[in-house]
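Step one of this worksheet: look at the structure below.
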Amino acid sequence: MDKFLIQGPVQLKGEVNISGSKNSALPILFASLLTNELIEIKNIPKLKDIDVTIKLLLTLGVKIKKGKSLIINANNLYKNYILPKKLIQSIRASIWLISPLLIRFKKIKIYLPGGCSIGRRPIDLHIKNLKKLGANIYIKNEFIIASINNRFQGAYIFMKKSSVGATINSILAAIYANNITIIENAAREPEIEDLINFLNMIGANIRGGGTKKIIIKGVKKLTGGIYTIMPDRIETGTFLIAAALSRGKVLCKNTNPKNLDILFKKLKHVGAKIKIGKDWCSLNMNNKRPKAIDIITGPYPKFPTDIQPQFTLLNCIALGKSIITETVFENRFLYIYELIKMGAKIFIKNNKVFCQGVNLLYGSEIEATDLRAAISLVLAGCIATGITIINNINYIDRGYENIENKLINLGARIIRLKN
Ligand code: UD1
């Protein structure tokens, strides 16, 4: 894996273009398997997870023309066979192959998905919902084995836990189902709304995206069309926090500030000045040290777990004490041990982190453990005194497009050491 060598401290200042959303692009790409007609997807971020998804689609026989956008034709798929383990297990999103492939092939055998090690990440809700929709589905050794009789059957589904992934798989399964499907306690993440907008654009009949009750009326046919992926709200949040923790000033362009309310509220409490436009937002810290603020993560519209490591770093160097509570994933604090090596005064107890802000962090040699941990450590390196070396930095390429150049444009001093 590559390393980053970062010389700090710097104040991050300037403008950054936000890329398309990873967590929206991934399900939309898998959903392209549901239509035989041509679709064009714009604003696809250039990321490792997207490369893997494209490879999976190509392996299935999908034709893809790569340019500024992706033109996708899933008209002819190769006969059903087992997709390579390495591809399937290098991303979590491969779980969204289940419903489209069942619709296409009626019978599948597919490796269990992979993804960042941030908790146990079970798939029981996916399986339970697909069973309700008429699939015969079970896990055997490292495989998911499933079949349907001709088509999925519409059903009433109540999700005991609001899971993004399971909500998406259920929506995809219900697209062509006979009768109506109702998903109660559905996840409300904006990326799900984006997927629904895409599916409705190509002829699906789905209502209630962004609410707890999603209603899907099965259709006979989907068409083609052109769709633009929403901007990445997690990337936007990351750059705003980068400005706040370096006492700098950053303008995020080509974004959608509407879905970051909770973060804006927290950043205002920290002492930041925030401005919001239609497709931009900016944060100015006016050289001030941020104030420590408690956060509790939760499903949307609560504080995003994907911004927890970045905000925890901010609390590490803020004035005062704070408590960070992680309620979504049970193992999302591995990076804390690396921040301690850099001088952070912080300890973990169960699903909480107790933090006493320090004035300075110090450069050190540290390890990235997952995607969002990696960006938190990179930002720590930017504000720390001296040189920070971050090993296993490739995690960051899964979810941040062109990250070192975006940060270098804001004043960071980063070199990538290729392995
Ligand atoms: C997605 C996002 C991830 C984000 C997360 C929560 C993608 C590719 N990933 O992950 O970046 O951090 O949403 O916003 O979009 N759970 C179960 N059983 C299941 C499924 C989930 O118990 O069958 C649990 C999980 O362990 C977790 C919680 O539900 O504790 C939420 O997980 P979920 O919303 O499904 O996250 P992902 O879809 O994996």
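Note that the numbering runs from 1 along the sequence shown for the chain. For ligands, and for the atoms within them, numbers begin at 1 and follow the listed sequence. Keep in mind the model is a prediction, meaning the values are calculated, not measured.
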- Flag for Asn23-Glu189: side-chain donor and acceptor within less than 3.5 Å: no
- Message: Side chains of Asn351 and Glu326 only: does a donor on one sit below 3.5 Å from an acceptor on the other?
- Response: no
- Task: May I ask you to list the atoms of ligand 1 that are less than 4.0 angstrom from any heavy atom of His126?
- Result: 23 (O)
- Query: Has ligand 1 got any nitrogen or oxygen that is less than 3.5 angstrom from a nitrogen or oxygen of Lys22?
  - Reply: no
- Check: Asp370 and Arg398 side chains under 4.5 Å, non-hydrogen atoms: no
- Query: Strictly by modelled atom types, are Ser162 and Tyr300 linked by a side-chain donor-acceptor pair under 3.5 Å?
  - Reply: no
- For ligand 1, which atoms have a heavy atom of Trp96 less than 4.0 angstrom away? 7 (C), 8 (C), 15 (O)
- Pro122 N/O under 3.5 Å from ligand 1 N/O: yes
- Task: State whether the shortest distance between N or O atoms of Arg92 and N or O atoms of ligand 1 falls below 3.5 angstrom.
- Result: yes
- Item | Under 3.5 Å side-chain donor-acceptor pair for Thr238 and Tyr400 | yes
- Query: Of Ile91, Val164, Thr327, which has the heavy atom at the shortest distance from atom 13 (O) of ligand 1?
  - Reply: Val164
- Item | Pair listing, ring-ring contact (aromatic ring centres under 6.0 Å, His included) test, anchored in residues 148-169, at least two apart | none
- Task: Give me the ring orientation class for Phe347 and Phe354: parallel if the planes are under 30° apart, tilted from 30 to 60°, perpendicular past 60°.
- Result: parallel
- Can you find an N or O of Leu125 that's nearer than 3.5 Å to an N or O of ligand 1? yes
- Could you list which atoms of ligand 1 come closer than 4.0 Å to a heavy atom of Arg332? 12 (O)
- Query: Looking at ligand 1, does Ala187 have a heavy atom less than 4.0 Å from it?
  - Reply: no
- Close N or O approach (Gly165, ligand 1; < 3.5 Å): yes
- Task: With heavy atoms only and a cut-off of under 4.0 Å, state how Asp49 meets ligand 1: side chain, backbone, both or neither.
- Result: neither
- Query: Which ligand 1 atoms does Arg121 reach within 4.0 Å, using its non-hydrogen atoms?
  - Reply: 10 (O), 26 (O), 37 (P), 39 (O)
- Query: Side chains of Asn405 and Asn402: donor-acceptor distance under 3.5 Å anywhere?
  - Reply: yes
- Message: Taking the basic N atoms (NZ, or NE/NH1/NH2) and the acidic carboxylate oxygens, is any pair closer than 4.0 Å for Lys160 and Asp124?
- Response: yes
- Rounded to the nearest 0.5 angstrom, the CD1-OG distance for Ile39 and Ser32 is 4.5 Å
- Message: With heavy-atom distances below 4.0 Å as the criterion, list the atoms of ligand 1 near Thr305.
- Response: 6 (C), 12 (O)
- Quick look: Lys161 vs ligand 1, heavy-atom contacts under 4.0 Å, and the answer is side chain
- Query: Side chain or backbone of Asp124 under 4.0 Å from ligand 1, or both, or neither, by non-hydrogen atoms?
  - Reply: both
- Query: Do ligand 1 and Leu26 have nitrogen or oxygen atoms that lie under 3.5 Å from each other?
  - Reply: no
